[in-house]
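Step one of this worksheet: look at the structure below.
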Amino acid sequence: MSENTPVVVRIAPSPTGDPHVGTAYTCLFNMALRQQRGGRFILRIDDTDQTRYQADSEAAITRELAWLGLAWDEGPDVGGPSAPYRQSERTDLYRDACESLVASGAAYRCDCTKERLDEMRAEQRKNKQQPRYDGHCRERSVSADTAHVVRLKVPTDGETTFKDGLRDAITIKHAQVDDQVLMKSDGFPTYHLATVVDDNAMGVTHILRAEEWINSTPKHILLYQAFGWELPQYYHLPLLRNADKSKISKRKNPTSITWYHENGFLPEALVNFLGLMGFSMGDDQEEFDLAEFLAVFDADRIKTTGPVFDLQKLEWLNGVYIRKLDADTLIAHLKECSPLARESDPEVLRRILPLVRERMKRLTEFDDIARFFFADFAAPSYDDLIPKKRTDTNTAAMLRMARQVVAKSDNAIDPDALQQELRDVATTGDWKPRELFGALRWAVTAQKVTPPLFESMAILGRPECIERIDASIDVLGSPENPILGTTGH
RNA sequence: GGCCCUAUCGUCUAGCGGUCCAGGACACAGCCCUCUCAAGGCUGGGACGGGGGUUCGAGUCCCCCUAGGGUCACCA
């Protein structure tokens with residue numbers, strides 16, 4: 001292949017404006033193919049369907065792809081020799097191409113009404129025939145002045161065979177191919193016309209897209225032939241699946257990149273995960289960054305089996321990156337989805353992070369885990385505070401002794417030293433250390449599960465710890481006689 | 001339903017005729033570590049969909065069946 005072998009992915013903003021993970025998947029592999037073969041990666045925006053397109057869609061998709069670190073060489077905002085990149089700005093091209101097709105007889109105008117078409121298809125279904133255009137307007141001459149569409153005149157017999165880059169030759173009989181509408185009555189092209197015209201105009205030689213396009217590839221090839229253009233090489237990527245193996249869908253899986261972005265996933269993890277779908281490094285390496293992926297990528301190694309998008313594995317991988325990434329990067333991402341992190345003092349955040357990071361699968365879990373570090377502290381309940389088989393007076397007495405240890409000095413807390421002293425306290429009171437630590441954990445954090453207690457206390461500082469312990473002692477009441485317990489609670 | 005694609009543990013995958021009584025990862029279970037929870041370490045259960053071929057030899061090649069998916073629009 002030449003140095004300048006363009007590879008293209010067409011981005012179709014969805015009606016809701018949600019950038020789809022499938023788009024990121026295709027984009028990632030397009031980047032990789034470009035890397036492998038040389039050339040350019042062109043991003044085009046399909047915005048011709050005015051009723052569905054929303055202005056936000058393009059911004060959203062480009063924002064999220066950028067978040068993932070995926071980059072194209074040519075496209076809106078980036079520019080390049082093939083501009084413009086929005087379908088809505090290339091309508092002349094499609095109209096001219098379409099006219100030439102009609103002139104050469106490869107396509108024809110059709111003014112069949114929706115009603116007639118519906119009726120016809122209903123009839124065909126009833127007769128157990130495959131619904132398809134009956135060719136009513138094929139030999140008629142429909143005036144260009146009336147409302148009409150333009151259809152591709154697909155040969156009535158024969159077949160089209162093409163070689164997919166990832167599998168054996170695929171042959172589809174023309175009897176299976178409908179007379180596709182190329183130009184809609186509103187004057188905008190359908191995907192089929194636009195993609196062929198654009199790809200040719202932009203010099204695209206390799207097309208990497210999802211498997212769902214396989215059945216319409218003959219239409220595209222027929223178009224290339226009608227125009228007399230050189231065919232591109234197709235690669236049809238496997239479809240991402242839900243757990244039930246159906247094509248990944250919003251109902252059964254989060255599909256919006258924005259969702260992953262907002263719900264505490266790291267772009268590094270998502271890219272890594274996507275790189276594992278239908279592809280592997282060849283050895284047992286599962287963790288890799290974009291650069292490594294691009295370096296190792298080989299189109300011949302792509303699998304054609306549709307991989308199930310396993311959120312659990314993504315979460316594990318996300319945890320791996322939360323632990324692996326340097327503090328600055330992590331904090332930057334953390335601030336995107338954690339209100340607490342956004343508001344807190346960077347220095348405090350930096351101290352808390354080592355204690356919290358290995359306990360998170362998603363960045364959004366930060367707030368729950370680290371909440372107790374921050375001001376809005378509420379004392380724990382009476383029941384939580386008292387260990388099994390201990391009494392309130394007993395517990396209060398122990399906490400009082402613990403408080404003394406904490407209050408003994410003004411120095412910064414040394415976690416190890418504090419732990420040792422508190423062990424001694426437990427022993428003195430005839431408690432197991434774990435019982436004391438448990439009660440103290442509740443007193444200081446108001447949580448059952450927390451990061452390491454003594455390190456946490458060191459960050460909170462003595463005054464804050466003392467205040468919280470006092471609050472818990474209050475919750476337990478003011479016992480006259482310490483130590484001796486009667487019954488459990 | 002027609003056509004097309006696909007088929008290794010529950011999931012992601014390694015395997016490109018012998019080195020596979022099938023390897024790794026997630027998940028799951030147990031143990032260790034341990035102030036809780038994680039992280040980490042160790043151990044365990046768990047797969048070549050079925051049937052025919054080809055071959056000295058098949059998870060690997062061929063055929064059939066079965067199963068799953070996709071596609072049959074003036075959506076992409």
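Here is how names work: the chains are called A, B, and so on, in the same order as the sequence lines, proteins then strands, and each is numbered from 1. Values below: every heavy atom of this structure, side chains too, minus hydrogens, waters and symmetry copies.
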In whole Å, what separates the [atom1] atom of [N] from that of [M]?
| N | M | atom1 | value |
| --- | --- | --- | --- |
| B:A67 | B:G49 | C1' | 7 Å |
| B:C26 | B:G59 | P | 28 Å |
| B:G30 | B:A39 | P | 15 Å |
| B:C16 | B:A38 | P | 39 Å |
| B:G69 | B:U36 | P | 46 Å |
| B:U13 | B:G53 | C1' | 29 Å |
| B:A7 | B:G50 | C1' | 12 Å |
| B:G44 | B:C56 | C1' | 38 Å |

query = Nearest nucleotide by nearest heavy atom, which residue falls closer to the 5' end of RNA chain B, A:Ile170 or A:Asp244?
reply =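 The residue whose closest nucleotide sits nearer the 5' end is A:Ile170.
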Nearest-nucleotide 5' precedence on RNA chain B, A:Gln129 against A:Ser280: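 Nearest nucleotide further toward 5': that of A:Gln129.
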Next on the checklist: Against A:Asp111, only a single residue in A:Arg116, A:Arg140, A:His148 fulfils side chain to side chain donor-acceptor pair (under 3.5 Å); can you say which?
Outcome noted: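 Only one option passes, and that is A:Arg140.
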(Q) Tell me every residue that passes side chain to side chain donor-acceptor pair (under 3.5 Å) with A:Thr428, counting only those two or more places apart in sequence or in another chain. (A)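 Checked A:Thr428 against side chain to side chain donor-acceptor pair (under 3.5 Å); zero matches.
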Measure from [atom1] on [X] to [atom2] on [N] and round the result to the nearest Å.
| X | N | atom1 | atom2 | value |
| --- | --- | --- | --- | --- |
| A:Asn318 | B:A39 | CG | C1' | 15 Å |
| A:Arg241 | B:G10 | CZ | C1' | 16 Å |
| A:Phe288 | B:C12 | CZ | P | 15 Å |
| A:Asp199 | B:A76 | CG | P | 15 Å |
| A:Asp198 | B:A76 | CG | P | 13 Å |
| A:Leu240 | B:G69 | CG | C1' | 13 Å |
| A:His20 | B:A76 | NE2 | C1' | 12 Å |
| A:Arg116 | B:C74 | CZ | P | 12 Å |

Mind checking if [X] touches a base, just sugar-phosphate, or nothing, with heavy atoms under 4.0 Å?
| X | value |
| --- | --- |
| A:Met183 | nothing |
| A:Val149 | base |
| A:Arg301 | sugar-phosphate |
| A:Thr195 | nothing |

Provide a list of protein-nucleic acid N or O atom pairs under 3.5 angstrom, restricted to nucleotides 62-65 of chain B.
none

Q) Run the side chain to side chain donor-acceptor pair (under 3.5 Å) check on A:His174 and A:Thr156 step by step: do they pass? A) CA-CA 6 Å; A:His174 291 151; A:Thr156 48; over 6 Å; no
Counterpart base for [N], defined by Watson-Crick or G-U wobble contacts under 3.5 Å:
| N | answer |
| --- | --- |
| B:A58 | none |
| B:G68 | B:C5 |
| B:G10 | B:C26 |
| B:C48 | none |
| B:U34 | none |

query = Hey, is the side chain of A:Lys245 poking within less than 4.0 Å of OP1 or OP2 on B:A67, counting only N and O atoms?
reply = no
So, using ring-ring contact (aromatic ring centres under 6.0 Å, His included) as the criterion, who are the partners of [X] when residues are at least two apart?
| X | result |
| --- | --- |
| A:His192 | A:His220 |
| A:His20 | none |
| A:Phe288 | A:Phe293 |
| A:Tyr234 | A:His236 |

- prompt: For A:Tyr235, is the NZ or CZ atom of A:Arg209 found under 6.0 angstrom from the centre of its six-membered ring and inside 45 degrees of the ring axis?
  reply: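 Pair A:Arg209/A:Tyr235 does not count as cation-pi.
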Looking at A:Phe309, I'd like to know if the NZ or CZ of A:Arg241 sits under 6.0 Å from its six-membered ring centre while staying within 45 degrees of the ring's axis. no
What does the list of N/O pairs under 3.5 Å between the protein and nucleotides 7-9 of chain B look like, with a distance for each?
none

Dump every N/O contact between nucleotides 71-73 of chain B and the protein below 3.5 Å, one line per pair.
unit_1: B:U71; atom_1: OP1; unit_2: A:Glu212; atom_2: OE1; d: 3.4
unit_1: B:U71; atom_1: OP1; unit_2: A:Lys247; atom_2: NZ; d: 2.7
unit_1: B:U71; atom_1: O4'; unit_2: A:Asn215; atom_2: ND2; d: 3.4
unit_1: B:C72; atom_1: O2'; unit_2: A:Gln130; atom_2: NE2; d: 3.2
unit_1: B:C72; atom_1: O2'; unit_2: A:Pro131; atom_2: O; d: 3.4

Practice prompt. Determine, step by step, whether A:Thr304 and A:Arg167 satisfy the side chain to side chain donor-acceptor pair (under 3.5 Å) criterion, reporting the C-alpha distance in whole Å, the side-chain angles of both residues, the deciding distance to 0.1 Å, and the verdict.
Written response: CA-CA 8 Å; A:Thr304 45; A:Arg167 47 204 118 212; 4.6 Å; no
Across all chains, not counting sequence neighbours, the salt bridge (Lys or Arg N to Asp or Glu O under 4.0 Å) partners of A:Arg90 are A:Asp198
The salt bridge (Lys or Arg N to Asp or Glu O under 4.0 Å) partners of A:Asp157 (sequence neighbours excluded) come to none
Practice prompt. Could you tell me whether the side chain of A:Glu455 and the main chain of A:Pro451 form a donor-acceptor pair under 3.5 Å?
Written response: no
Problem - From CA spacing to verdict: side chain to side chain donor-acceptor pair (under 3.5 Å), A:Ser88, A:Asp47 - result: CA-CA 6 Å; A:Ser88 62; A:Asp47 61 348; 2.7 Å; yes
Compare all side-chain heavy atoms of [X] with those of [Y] and state whether any distance is below 4.5 angstrom.
| X | Y | value |
| --- | --- | --- |
| A:Tyr133 | A:Cys112 | yes |
| A:Leu363 | A:Phe265 | no |
| A:Met457 | A:Cys465 | yes |
| A:Ile170 | A:Thr161 | no |

Short heteroatom pairs, N/O only, protein and nucleotides 44-46 of chain B, under 3.5 Å:
none

5' to 3', nucleotides 25-38 of chain B under a 4.0 Å protein heavy-atom cut-off (B base, S sugar-phosphate only, - none) gives BSS-------BBBB
Would A:Asp298 and A:Gln36 satisfy side chain to side chain donor-acceptor pair (under 3.5 Å), going step by step from the backbone distance to the final call? CA-CA 7 Å; A:Asp298 176 358; A:Gln36 185 195 13; 3.2 Å; yes
